[in-house]
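Let me begin by presenting the structure, written as structure tokens, before commenting on it.
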Amino acid sequence: MSSFTGSATNFGSQLMEISKKWLIEWEKHGVNEANIDESKPKFFVTAAFPYTNGPLHLGHALTYSIPDVVIRYKRMKGYNVLFPMGFHFTGTPIISISESIARRDEKTIKRLLDDGVPIEVIESFVNPINLALYFKDRAINSLRNMLFMIDWRRSFTSVDKEFQKFVEWQFLKLRDAGYIVQGTHPVGWCPFHQSPVSMHDTLNDVEPEIQVFTLIFFRDEENIIYPVATLRPETVYGVTNLWVNPEATYVLVEVDGQRMLLSQEASYKLSFQKKEVKPLMSIKGSSLVGRKVVNPLTMEKIEVLPAGFVDPDTGTGIVMSVPAHAPFDYAALKEIGYENTLKPISIIDIDGKPSLLGVEVVNNQGIKTASKEEDRKKLEELTKDVYLREFNSGSMSRELSSRVSGEHIYLGIAKSIEGKPVKDAREYLKEAIIKMKLGDVFYEIANKPVYCRCGTKVVVKIVENQWFINYEDENWKKKVYDALRGIDIVPNDYREQFVNTVGWLKKKACARSRGLGTPLPWDKSWIIESLSDSTIYMAFYTVIHKIRMHGINPEKLTPEFWDYVMLGIGDVNRLSASLGIDKGILEEIRKEFDYWYPLDNRHSGKDLIPNHLTFMVFNHVAIFPPEKWPKRIVVNGHIMVEGMKMSKSLGNFITIDKALKEVSSDVLRLSLILGAEIGNDVNYTKQLTTTVTETLEGIYELVVSVNSSRHITEENMSESTVFLEKTLETKLHRLLQEINELMENYKFRSAAIKIYHEINNELKLHFKINGLYRSDLINRIIDSWIKLMSPFTPAFAEELWHLTGHKSFVVNESWPDPSMFVKSDEHALFLKYIDTIVDDIGNLRNLFSDKKEVIIVASSSKPCYPAKARSYLADNNQLRELTRLLAREGVPSPHDYARRIVAFLKNLTMDELNKIEKLCEYEVEILRKMSSYLEGLLNLKIKILSEEAPEAQEYIVKKKQSPLPMRPVIIFK
RNA sequence: GCGGGGGUGCCCGAGCUGGACAAAGGGGGCGGACUUAAGAUCCGCUGGCGUAGGCCUGCGUGGGUUCAAAUCCCACCCCCCGCACCA
């Protein structure tokens, strides 16, 4: 084989040149533009559009490589394909970066410099649109360089006026359908900025987490509320007293018309959660000690006691004391010498027996106080243990209701949770307390303190009048479940996750007070949030280029316009008149939508299943009729780099631009596809790209050398070459069939292995046996092979295609059909038979690694037992019958032989089974014809003998073994 | 905690509708051929045993179902991801 000179790196740069060359050629000929063609079935594919706050990275490369393979494949299969790409500007991160630039934040500037943004451009980023546009342009370049076949005429951004009109229509539709609701909603909030904060607004990028406490209202004789904040409302039945911090300052406030006592800190926090918190007076904690309050669930009268462990900045600063189940409480009782006065009350059973875990652990550890440093540390841990044990394996006491004074109206509540698991009791009680107005909810920042970038401590604010998309609407959910059944999910393993997501999905706040995006049409003070404005935008791709082409003013894109274009609602003549748009144009746009929609494939990363992808289904269901619902969702995994999660902080973050400086787009694409089957995480490694480059180099050299080899016709071929060509052709038929099936099932990794390795190996083996030459078959194989490579490594394939003398574009060729290679059932059968011989020799050669010659003595005159075995195939139990029959015929080790034959027959197609007699009849001849193949494959010298040959008789006698049909004797010499 | 996914040979990774699985494919390692040499390329080996196509061990751990389990069931351990107003 000749002789492409150059090292792998040289070939690597040659590949880069090839990519550039064909990108230009294709764009010149507009191969990536998609227009209506009624003569072809259409195939419409989209992938999640990128958020342009930075350069595209390998994750994008992966997510877009897969649909690109799909459309290139589908295109060759005769589909009219569309793969468009837009850009997501909606949201706050872009604005946050702009604000950082405005205040000259060094970290942000450094990051942008690292991303290759020139300093003067960075300065322009104080305007967020400049930033978004800059990265959009870079993204387009990256995507072009990846050779993605994107129809750029249909590109848009989510702040384009036309798109905003479309989103307005969508939201009006949702509102009309009753899916938009308003309500209150807790958010992390900066009191200084007077605005919600999320991760990118906080110091150190901490996401403020919100924790829900249950408030329980204890009352004194003046009806003043002492609210305790707890995560364990069920323990209210075991309360012996309340705790306050004697050193802390408490305030008496008026809330919702009631008087309430709580720590100063709590009162501040509460003021963000209630309409009004009116302070009346301050009181030192110590002066609360000794007051008597009533437990609202048991009507028991208890006392307020002092405890230093009470943190006035957690909850309300008032704590209910449950010594039986809370180590802190028991320790605090001990500290003030009350452990015998106030007897711990067990209200939780563990393993069906009343427990006093709180008391036990404190006594076991010899803890005497709740205030000493070392005790507190221990207590914190013990609290966690007790909490978990009681939560996971505790159940409410069976005598719980005896804690409630007899005729009390809430006796029923206690009764209904008696004996129930703590988990369930807690949920039940929480709801009951709030419903009965015996308490309330109180929100805390769970991971506090969290600070806004301005340094202000973040609190929880209840936002009034927040707009939600009501994804918890049961009827809506039902329709989504139905829709999901009709959607093909690739890989199907993710279906369950979709179904579950629909199950737990709640109301989704769909608007924010700041950020880029579309104002809510009926309340322009709100901006539609980014996960809500991007649920049906795929439909927009179908028409945007036409809207622009006809110069339609965005103001004309009214709800009536969209009703007609997307839903076919309304009278086109009247619409034309009222909008002043040509009727023909309206119809043309409508037709464009109707031709391309529904979406055939939606591609995205698996992280978007619980939000975007599911929202997409919800919104399609809400707005479009069933025939326009998406047909397939393809989910890809994450990208890893050298075995580690790719991230900026790990320093292994690779942008597409950077990757393409090291490897060509063909290599990158194929590496990502070969990295993992769809749905799994792809591990991108230097090693992998090197291997892929070398593989492509090998293929290149092979094609080049075949191309320059001599052409021979069948008349000039040796008999054995004719035979082996038939075998090769049969193999190719099989391979193409397998590849087709894999492609149809989105098993691109496996398909690529067959294309780039297995065909490769078959050809190399064939040439090794026969020498390098061209023939009609070989030419056909090479042509088909190049076509098969085209979806994965398009520029590389294009190069080979032209190298082998073609003038057309391979991207425009048809996908090879297996039928172009004649499958001979006989040869397929022979091949499978030869495989068993190869296996056997392989098994034995370990024992005879020093021997280089193999003699195969084949049966030539015995009855064709395999044919007889055919009738025993159906039923495994008849193996015994077959064994008996063989034994009667005097076959040695009949059971082994029977097993072997049956295993072989099971692997055959019906057609092959019908040829089995031929195998018996010509076994010696087949082996002879295939001996050069065996020699090539095994690197051994092979000699075939018929059992009648005198030489064969010697071996038979010596080995005490006689050949049977399909069971030749193999001798290493 | 809840929900989803996963633990396979030196490594990565397929298989997981139960038999053809000592387990595809790739990589690495070792040995060999070629070469003045290196590289590239090609070939062989890469759980253990065995002078004949076989046996033993084995797919997170422990049980179970079955004539037969990497594949099915149960329990446990460990890892990853998501839990919302955030793209």
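All of these numbers come straight from a predicted model, not from anything done at the bench. Chain letters run A, B, ... following the sequence lines, proteins first, then strands; residues in each count from 1. Atom set for the values below is all heavy atoms of this structure, side chains included, hydrogens, waters and symmetry mates excluded.
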Results of ring pair (Phe, Tyr, Trp, His ring centres under 6.0 Å) for A:Phe89 - residues two or more places apart only | none

So what does A:Leu674 hit on the nucleic acid, given a heavy-atom distance under 4.0 Å: a base, only sugar-phosphate, or nothing?
-> nothing

Would you indicate what A:Lys686 reaches in the nucleic acid, counting non-hydrogen atoms under 4.0 angstrom: base, sugar-phosphate, or nothing?
-> nothing

If we take the P atom in both B:rA24 and B:rA14, what is their distance in whole Å?
-> 14 Å

Would you mind classifying the nucleic acid contact of A:Pro491 as base, sugar-phosphate or nothing, using non-hydrogen atoms under 4.0 angstrom?
-> nothing

Classify the nucleic acid contact of A:Val187 as base, sugar-phosphate or nothing, counting any heavy atom under 4.0 Å across all strands shown.
-> nothing

At under 4.0 Å between heavy atoms, what does A:Thr501 touch on the DNA or RNA strands: base, sugar-phosphate, or nothing?
-> nothing

Interatomic distance where CD belongs to A:Glu209 and P belongs to B:rA84 [whole Å] = 8 Å

Separation of B:rC83 P from A:Lys506 NZ (nearest whole Å) | 14 Å

Expressed as a whole number of Å, how far does the C1' atom of B:rG58 sit from that of B:rA70?
-> 10 Å

Can you find a side-chain donor-acceptor pair between A:Tyr700 and A:Gln14 that sits under 3.5 Å?
-> yes

Sugar-phosphate, base or nothing in reach of A:Lys754, heavy atoms under 4.0 Å = nothing

Option passing side-chain hydrogen bond (donor to acceptor under 3.5 Å, both in side chains) with A:His88 (candidates A:Thr52, A:Thr157, A:Asp533) | A:Asp533

Given protein heavy atoms under 4.0 Å, the one-letter contact record of nucleotides 20-29 of chain B, with B base, S sugar-phosphate only and - none, is simply B---BSSSS-

May I ask you to test the A:Leu516-A:Ile95 pair for a side-chain heavy-atom distance under 4.5 Å?
-> yes

Could you tell me whether A:Asn500 contacts a base, only the sugar-phosphate backbone, or nothing, with contacts defined as non-hydrogen atoms closer than 4.0 Å?
-> sugar-phosphate

Which part of the nucleic acid, if any, lies within contact of A:Asn53, taking any heavy atom under 4.0 Å across all strands shown: a base, the sugar-phosphate backbone alone, or nothing?
-> nothing

Just checking, any donor-acceptor pair under 3.5 angstrom between side chains of A:Gln466 and A:Thr184?
-> no

Greater than 12 external heavy atoms within 6.0 Å of A:Gln182's CD = yes

Candidate pair A:Phe213 and A:Tyr443, rule ring pair (Phe, Tyr, Trp, His ring centres under 6.0 Å), full reasoning = CA-CA 6 Å; A:Phe213 283 86; A:Tyr443 299 97; 9.6 Å; no

Output yes when A:Lys506 and A:Glu472 qualify as a salt bridge under the 4.0 Å nitrogen-oxygen rule, no when they do not.
-> no

Plane angle bin for A:Phe748 and A:Phe792 - parallel if under 30°, tilted between 30 and 60°, otherwise perpendicular | perpendicular

Who passes ring pair (Phe, Tyr, Trp, His ring centres under 6.0 Å) against A:Tyr471, sequence neighbours left out?
-> A:Trp476, A:Phe615, A:Phe618

For RNA chain B, the dot-bracket notation using Watson-Crick and G-U wobble pairs below 3.5 Å, [ ] for pseudoknot-type crossings and | for other-strand pairs, is ((((((((.[[[..)...(.....]]]((((((.......))))))(((....)))...[[[[[..)....]]]]])))))))....

Under 3.5 Å between N/O atoms: give me all the protein pairs with nucleotides 31-34 of chain B, atom names plus distance.
none

More than 12 foreign heavy atoms under 6.0 Å from NZ of A:Lys747: is that the case here?
-> no

For B:rA23 versus B:rU41, give the span between their P atoms, rounded off to a whole number of Å.
-> 27 Å

Counterpart residues, ring pair (Phe, Tyr, Trp, His ring centres under 6.0 Å), relative to A:Phe87 (two or more places apart) = none

Hey, does A:Leu531 reach any base, or is it just sugar-phosphate, or nothing, if we go heavy atoms under 4.0 Å?
-> base

What interatomic distance, in whole Å, is found between P of B:rA75 and the corresponding atom of B:rG4?
-> 14 Å

Gap in Å between the two C1' atoms, one belonging to B:rA84 and one to B:rC79, rounded | 25 Å

Length of the line joining A:Ile527:CD1 and B:rA87:C1', which is rounded to integer Å | 16 Å

Quick one: label A:Phe972 by what it contacts on the DNA or RNA (base, sugar-phosphate, nothing), any heavy atom closer than 4.0 Å.
-> base

Heavy atoms under 4.0 Å, any strand shown: does A:His185 hit a base, just sugar-phosphate, or nothing?
-> base

Considering only the P atoms, how many Å lie between B:rG31 and B:rA40, rounded to the nearest integer?
-> 15 Å

With a cut-off of 6.0 Å (strictly less than), are more than 12 heavy atoms of other residues, nucleotides or ligands near NZ of A:Lys477?
-> yes

